[in-house]
Structures are given as structure tokens and as C-alpha cells.
There are 2 protein chains.
Amino acid sequence: MVLFAGQGDALRIMRLLWGAADEGVKPGPKPGLTSDDVVEAAIVVADEEGMGALSMRAVAARLGRTAMSLYTYVPGKDELVDLMYDRVMGWLPTSYELDAGWRAAIEAWAADTRRCYLRHPWVLQVSQARPVLGPGGLTAMNTLVGILRTTGLAAPELRAVVTLLTDFVRGAAQTVADARQAARSTGESDADWWAARSAALAELAPDFAERFADVVWIERSAAPVAESAPYLETQVDAMFATALGVLLDGVEARIGE
Amino acid sequence: MVLFAGQGDALRIMRLLWGAADEGVKPGPKPGLTSDDVVEAAIVVADEEGMGALSMRAVAARLGRTAMSLYTYVPGKDELVDLMYDRVMGWLPTSYELDAGWRAAIEAWAADTRRCYLRHPWVLQVSQARPVLGPGGLTAMNTLVGILRTTGLAAPELRAVVTLLTDFVRGAAQTVADARQAARSTGESDADWWAARSAALAELAPDFAERFADVVWIERSAAPVAESAPYLETQVDAMFATALGVLLDGVEARIGE
DNA sequence: TCGATCACTTTACAGCATAAAGAGTCAGGG
DNA sequence: CCCTGACTCTTTATGCTGTAAAGTGATCGA
């Protein structure tokens with residue numbers, strides 16, 4: 001992996017992100033692919049087999065080429081992932097109806113964004129620090145800020161709300177994605193997993209009910225279905241909506257000031 | 001890595017998590033280490049060099065042994081990470097003063113939890129789906145729920161608030177941890193990184209100011225220091241406090257019902 | 001036609017988790 | 001007292017990973 005990206009590298013990846021066209025004719029054989037082809041193939045691999053299966057060899061195999069040939073189109077794997085990220089973020093809706101108010105718009109934004117993360121779970125593994133500064137990611141950010149600006153909140157508060165929203169949506173999606181991934185890769189359903197663990201717990205911590213009384217209480221009282229796995233998806237969807245509601249109540253309270 | 005963990009494996013890792021003592025005397029040489037020694041050494045490695053540098057070889061080297069010898073004490077790397085996680089979560093405070101109200105208690109909880117994540121950033125890479133069911137993690141969860149129960153909120157809402165809080169604190173800490181990690185491993189400061197990117201942006205997207213007007217507005221208006229790197233840490237700390245305030249306003253609104 | 005340039009392949013390296021097999025060490029049973 | 005089985009720990013090996021380095025052959029401008 002790349003350990004130090006100098007300034008020249010910064011320009012190169014930015015050029016790729018922004019689709020800066022190559023200038024004139026050059027000697028040598030014509031490229032058989034474009035960097036877009038590589039990005040597209042990599043997204044297919046990551047969607048189908050997960051980020052863990054995304055290797056230069058796997059992407060190259062899908063394109064009928066060797067791993068090393070990809071380095072003609074893309075500086076390295078890190079940069080390829082950045083390009084994949086920006087591409088997917090570019091597929092998100094870029095504007096929301098505001099006639100029903102900012103709250104409804106944010107709810108729609110959250111649902112779309114969450115759906116996108118669940119369709120491409122590997123996106124959640126791209127760090128938010130030193131963000132990918134491509135057109136897709138910037139447009140997505142612009143869309144969210146655009147909705148929130150209509151609340152009339154001051155910029156510092158609004159910025160906090162932006163990170164609150166994105167961190168929450170990412171975290172919630174991450175949990176669902178991880179659960180699905182675990183079920184797929186271990187072949188053990190959530191229910192089986194839970195059954196084995198709770199049996200072991202009962203044996204190893206007989207004082208469980210008293211020692212973790214509050215946890216037991218919330219699990220018993222909040223789960224609509226007794227004996228269910230903790231991450232039953234319909235239950236998780238409802239919880240997402242509730243949590244988002246609490247968050248937006250907080251925003252509303254700040255508007256009242 | 002382990003692909004399928006059967007029921008026997010579940011019992012074994014749970015026994016390790018709960019510190020179930022081995023029974024009687026056995027033939028063969030005495031073990032030179034305990035699984036706790038391995039976990040401790042692994043935490044030191046991960047704290048000092050990051051999760052990416054956590055390998056069985058590195059842990060073994062610190063203990064003066066070969067990588068394979070660790071498999072005597074721990075089923076595999078995945079399970080070792082679970083043990084590390086539960087150990088660190090067990091270091092968190094287990095009760096909070098409630099005389100000043102639940103809100104102050106949650107603020108203290110959030111500060112402690114965030115500090116713990118920043119001291120051991122690799123903890124954030126442990127998935128929340130199929131959580132580690134050890135005493136440390138369960139106690140931490142119990143502490144949080146215990147504070148929130150004093151709000152009198154109904155269990156389903158309270159559960160949503162729990163995930164909202166944990167997802168937010170984790171996400172916020174993750175961003176800071178990633179930024180620090182990037183600075184360390186690339187040798188490029190945030191300021192340098194930002195300078196190189198914004199120069200490239202100006203060249204590649206001359207219409208930036210109009211095309212991403214809302215993003216530009218919030219960056220200009222919210223940052224107290226002009227031309228500063230986006231993730232200046234004091235700025236991020238303030239944003240964390242503001243966002244937590246908004247979140248807790250939402251909880252308060254729900255209590256009023 | 002020549003030399004430069006580029007696409008692409010082959011080979012190689014260091015590092016990873018861990019399976020498999022072997023070496024040495026210690027206990028209880030004969 | 002020795003043997004057998006169990007146990008710790010090491011050595012070796014397998015199949016992955018990203019990518020550096022060098023080589024092959026095609027294609028262009030001069």
C-alpha cells in the first residue's frame with residue numbers, strides 16, 4: 001500500500017476523480033481500457049464479494065487482464081477505492097423536495113443514503129478523515145447542507161448537525177451491513193448465533209440477570225418479538241426511524257432557540 | 001481467518017471472555033504464558049502501531065515466542081481481537097453521578113467513551129453486529145442504559161437513543177483517529193494535505209464556488225480560523241460538544257412528550 | 001527506418017493467517 | 001522406573017495480498 005502520497009500524486013488522483021481528459025495523441029499502443037472501466041469492475045467485485053475480496057487480481061481477472069496492468073489506469077489500490085467511493089456517491093439524489101419542510105427532506109435523504117450504504121457496504125470502509133474530494137462526494141455533501149440551510153441554523157451548529165447525521169446514518173448502516181456479512185461468511189444465521197451465545201452466557205454468568213439488570217430490561221421491553229435475534233432487520237429499521245426522529249427533534253429544538 | 005465458528009468455538013471464546021478457570025492438573029509442560037498475557041501484549045502492539053500492524057507474529061515477538069505458539073492460548077486472531085475489545089471496554093467507568101441530572105451524566109459518559117476510543121483507536125474496528133458478549137462490553141452497555149433509564153423514556157425509544165449515542169460517539173472518534181493515523185503513516189500534516197488538494201481543486205474545478213455553494217458557505221462560516229485544515233482538533237472537539245448537545249436536546253424533547 | 005513511449009506480462013518479494021507435522025517436557029499408570 | 005499420552009512450542013509450508021522491477025511487443029513522430 002502507498003505510504004506517502006506526495007503532491008504529484010495528489011494531482012494525479014484529483015485529475016482522475018474530476019475526469020480531466022488526456023491531451024493529444026501519444027506514441028505506443030492504444031489503451032484497451034479506461035480508468036472508468038477499472039473502477040466499474042472493481043465496484044462489481046466489491047458489491048458481490050465484499051471489500052475483503054477486492055484485490056487487484058480479482059478486478060483484473062474480471063477484465064481479462066493481469067493485476068499489474070491495472071497500474072496503467074490507476075495509481076494503486078487506495079486510489080482505486082477513492083474512485084469507487086466517489087462514483088457511488090455520485091449516484092445519490094442531488095436535490096430534495098422542500099415543500100413539505102426540511103424535516104421530511106432530511107428523512108428522505110437519510111433513507112436514500114442508508115439504502116445506498118446497504119447496497120454498497122464497502123463504502124462505509126472509506127474513511128471520512130481527509131475525505132475524497134471528488135465531484136460525487138462533494139455533491140452529496142452539498143445536497144445535505146443545502147437542505148439543512150433552510151432550517152436557518154447558524155453555521156457552526158449546522159456543521160455539527162451534518163456530522164451528527166452522517167455519523168449516525170453510517171453507524172446504523174454499518175451494523176446492518178456487518179450482520180449481513182457475518183451471516184453470509186459464516187453460514188450461521190443471527191438466530192443460531194444468538195442461541196449458542198445465550199446458552200453459553202447462562203452457563204458462564206449465572207448472575208447475569210442481576211449483574212446486567214438494565215441491559216436485560218431493555219432487551220426484554222424493547223424487543224417486540226420474544227426470543228428473537230437482536231438484529232432482526234424489521235426491528236432495526238424501526239429503530240433507525242425512531243433514532244432519526246429523536247435527532248431531528250434536537251434540531252427542531254435548536255431552531256426554536 | 002476463521003470462516004465458520006461452530007458451537008464448540010462459541011463456548012471456547014465465551015469461556016475465555018468470562019475467565020472460566022481451567023480444571024485440575026494436566027500432563028505435559030506447564031504453559032509459560034496465559035491468554036491474558038497474550039491479550040495484554042496484543043493491546044500494546046495495537047495501541048502503539050495500530051490495528052494494521054497487529055499480527056500474530058508481532059504479538060509473539062513481543063512475548064519472545066513464535067506466532068504459532070499463540071494458538072495454544074487463543075483460538076485465532078479474530079478471537080484475540082474480541083478479547084482485546086472486551087478488556088478495554090472493562091476499563092471504562094461503571095457508574096456516573098446522577099445528582100446533576102441525566103444530561104450531565106451522559107455528557108461525562110460520552111467524554112470518557114470518546115477518550116477511550118482515541119486512546120485505543122483499534123477498538124472502533126470491532127463490529128457492533130454480533131457484539132462481543134464479554135463482561136467488559138456488557139458492563140459498559142449496562143452503565144449507559146442505567147443512566148438513560150432515569151430519563152423515564154419508554155424502552156423502544158430508549159433503545160433507539162442508545163444506538164444513536166453509540167453510533168455518534170464511535171463515528172466522531174473514528175474521524176479523529178483516522179486523521180491522526182493518516183498524519184502518522186503518510187508523514188503529511190493535515191494542513192499540507194489540504195493545501196495540496198485545494199490547489200488541485202482550484203485548477204480542476206474552477207466553478208467550485210458556485211457548484212458547491214452550500215459546502216463553501218458552511219466551511220467559510222463555521223471555521224473560526226480561516227485557511228485552517230478542516231480537522232483541526234480543537235475545532236473538532238467543539239463540534240463534538242455541539243452535536244452531542246443537539247442530540248440530547250432531542251432526548252429532552254421526547255421526555256416532555 | 002529508428003528510437004521513444006506506452007500497454008501489458010512475467011517474475012519476484014515481503015508480509016499475512018494458519019494447517020500440519022515434529023521436537024521436547026512433564027504427569028500418572030503399570 | 002519406565003512408558004504412554006498429553007501438552008507446549010517450533011519449523012515448515014500453503015495460498016493469499018500489493019506492488020517493485022524488468023522484459024516484450026506494439027505503435028507513434030521524426
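- Note that CZ of R197(A) and CG of L17(B) are 8.5 Å apart. Values are rounded to the nearest 0.5 Å.
- Among the nucleotides dT10(D), dT9(C), dC8(C), the one closest to the side chain of T66(B) is dT10(D).
- The aromatic rings of H120(A) and W122(A) sit perpendicular to each other, their planes meeting at more than 60°, with 30° as the lower class boundary.
- Put simply, NZ on K30(B) is 11 Å from P on dC7(D), counting in whole angstrom units.
- An OP1 or OP2 oxygen of dT17(D) is reached within less than 4.0 angstrom by a side-chain nitrogen or oxygen of S55(A).
- The distance between atom CG of D78(A) and atom P of dT17(D), rounded to the nearest whole Å, is 16 Å.
- Between Y71(B) and dA19(C) there is no side-chain N or O to OP1 or OP2 distance below 4.0 Å.
- Atom CE of M56(A) is separated from atom P of dC8(C) by 13 Å (rounded to the nearest Å).
- With rounding to whole Å, D9(B) atom CG is found 12 Å from dT18(C) atom P.
- A residue-by-residue look at G32(B) and A53(A) shows that G32(B) has its nearest nucleotide of DNA chain D further toward the 5' end.
- Donor-acceptor pairing under 3.5 Å is recorded for the side chains of T34(B) and D37(B).
- To the nearest angstrom, C1' of dC9(D) lies 16 Å from CG of D37(B).
- Here the P atom of nucleotide dT17(D) and the CD atom of E49(A) are 11 Å apart, to the nearest Å.
- The phosphate of dC9(D) has neither OP1 nor OP2 within less than 4.0 Å of any side-chain N or O from S69(B).
- The aromatic rings of F240(B) and F168(B) sit parallel, their planes meeting at an angle under 30°, below the 60° perpendicular limit.
- Rounding to whole angstrom units, CZ of residue R57(B) and P of dA17(C) are separated by 6 Å.
- Residue M68(B) is in base contact, counting any heavy-atom pair closer than 4.0 Å across all strands shown.
- With hydrogens and angles ignored, no donor-acceptor pair under 3.5 angstrom links the side chain of R65(B) to the base of dT8(D).
- Rounding to whole angstrom units, CG of residue L70(B) and P of dC16(C) are separated by 13 Å.
- Here dC7(D) is the nucleotide among dC9(D), dC8(C), dC7(D) with the atom lying nearest to any side-chain atom of P29(B).
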